[in-house]
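A short write-up of the structure that comes next.
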Amino acid sequence: TLLDVIINNDLDFDGFGACEGTLACSTCHVIVPQAEFDRLPNKPCDEELDMLDLAYDLTKTSRLGCQIE
Ligand code: FES
């Protein structure tokens, strides 16, 4: 997942991925450009959509980084 990439490369995004991918936060919220959003292999599950509803500045191409494969 995108969260794995950030962790494995020791990238420092303060607070990103607070729940470590358990769909219990929205700190991994990312806004994906439309072209890339359309090419993502997996669609958001109901649990991701519920958590996205709590995300700041939600857009129609928002995803949770811990769920993007
Ligand atoms: Fe918490 Fe993605 S890291 S929902």
Side-chain angles (χ1 to χ4, degrees):
T1 67
L2 179 59
L3 180 59
D4 295 325
V5 171
I6 290 171
I7 291 171
N8 294 340
N9 289 284
D10 206 20
L11 302 176
D12 185 19
F13 293 99
D14 193 30
F16 190 93
C19 77
E20 301 178 345
T22 61
L23 281 172
C25 73
S26 58
T27 61
C28 63
H29 172 218
V30 292
I31 299 172
V32 183
Q34 185 70 57
E36 283 73 24
F37 183 86
D38 293 340
R39 291 200 310 255
L40 292 174
N42 66 322
K43 301 297 177 204
C45 65
D46 289 344
E47 291 81 6
E48 180 180 353
L49 292 173
D50 287 346
M51 197 51 65
L52 275 170
D53 283 340
L54 304 176
Y56 175 76
D57 217 9
L58 184 67
T59 76
K60 64 180 181 169
T61 62
S62 288
R63 291 292 307 267
L64 294 180
C66 69
Q67 302 302 306
I68 295 176
E69 297 176 354

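Order of listing sets the numbers, starting from 1, for every ligand and every atom in it. Everything numeric in this text was worked out from a predicted model, so none of it was measured. Quick note: residue numbers are just sequence positions, from 1.
Each protein N, O or S atom less than 2.8 Å from atom 2 (Fe) of ligand 1 was counted, giving 2.
The two residues I31 and S62 have their closest heavy-atom pair at CG1-OG, 3.9 Å.
For E36, the CD atom sits in a packed shell: over 12 heavy atoms of surrounding residues, nucleotides or ligands are nearer than 6.0 Å.
Applying the 4.5 Å side-chain rule to ILVMFWY residues, one finds that Y56 remains a lone member of its cluster.
With values rounded to the nearest 0.5 angstrom, I6 atom CD1 is found 11.5 Å from D10 atom CG. Taking CD from E20 and SG from C25, the interatomic distance works out to 9.5 Å, rounded to the nearest 0.5 Å.
Exactly one of L40, L23, L52, T1 qualifies for a side-chain contact (heavy atoms from CB on, under 4.5 Å) with Q67. That residue is L23.
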